[in-house]
Amino acid sequence: MDKRQMGWNKIREIAGEQGVKTMEAVQAYSPRLANMALEFGYGDIYSNDTLDSRQRALITLSSLISQGDHGTALIFHFKAALKVGLTKEEILELINHCSGYVGFPKAISSLNLFQQAYGEFENESEEVSLSE
């Protein structure tokens, strides 16, 4: 299987159909950027089995929080972390832990984004269970 297809499979695994839709939107606007993310980000980095999906989610979130991401990447990865099994409490503790290293403004901003992502994740989960 080529790395592009591995990337699509990994996105579906960690972020579900909403993640696929997000990547399709990137692909529609910038096919080259989507291809790089699929092949390298998800087909290579995420597909290595040395770390499990929960460990990768923690690393990704701490990196995005540290960078001060205030947008769609952090929301996407908060929902992906919930999908791979991190709990609300674990993510809140991650944000708390990061505050000592990145500062309260980044931590509080991340908390606000997590509240949004958690609400969206719960709504998406309810929609799936109602349609099953």
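Numbers here are sequence positions counted from 1.
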request  = Using the ring of Y118 (Phe, Tyr or Trp, six-membered ring only), decide whether K88 places NZ or CZ under 6.0 Å from its centre and within 45 degrees of its axis.
outcome  = yes
request  = Nearest 0.5 Å please: distance from the OG atom of S47 over to the CG atom of N9.
outcome  = 8.0 Å
H77 (side chain) donor-acceptor with I75 (main chain) under 3.5 angstrom = no
ask   = To the nearest 0.5 Å, how far apart are CG in N96 and CD in E93?
value = 5.0 Å
F76/T60 under side-chain contact (heavy atoms from CB on, under 4.5 Å): CA gap, chis, key distance, verdict = CA-CA 11 Å; F76 178 92; T60 300; over 6 Å; no
key: Residue pair S53 / I14: nearest heavy atoms and the distance that separates them   = OG-CG2, 4.1 Å
ask   = Quick one: does Q55's side chain have a donor or acceptor within less than 3.5 Å of a partner on D52's backbone?
value = yes
request  = For H97, look at atom NE2 and say whether over 12 heavy atoms of other residues, nucleotides or ligands are found less than 6.0 Å away.
outcome  = no
remark   = When rounded to the nearest 0.5 Å, the distance separating CG of L51 from CG of L58 is 10.5 Å
task = Taking all heavy atoms of I11 and all of V20, pick out the closest pair and write down the distance.
result = CG2-N, 3.7 Å
inquiry  = Donor-acceptor check, side chain of D69 to backbone of L74, threshold 3.5 angstrom: yes or no?
reply    = yes
ask   = Do any N or O atoms from the side chain of K106 and from the backbone of S66 form a donor-acceptor pair under 3.5 angstrom?
value = yes
inquiry  = Please check: side-chain N/O of S63 versus main-chain N/O of I59, any donor-acceptor pairing under 3.5 Å?
reply    = no
key: NZ/NE/NH1/NH2 to OD/OE distance under 4.0 Å, K83 and E13   = no
remark   = Heavy atoms of E90 and G85 approach each other most closely as OE1-O, 4.0 Å
inquiry  = Main chain of I45, side chain of R56: is a donor-acceptor contact present, judged purely on distance under 3.5 Å?
reply    = yes
ask   = Can you tell if the side chain of Y46 reaches within under 4.5 Å of the side chain of M6, non-hydrogen atoms only?
value = no
request  = Before giving the answer on side-chain contact (heavy atoms from CB on, under 4.5 Å), spell out for F40 and K3 the whole-Å C-alpha distance, their side-chain angles and the decisive distance to 0.1 Å.
outcome  = CA-CA 8 Å; F40 179 66; K3 289 196 178 199; over 6 Å; no
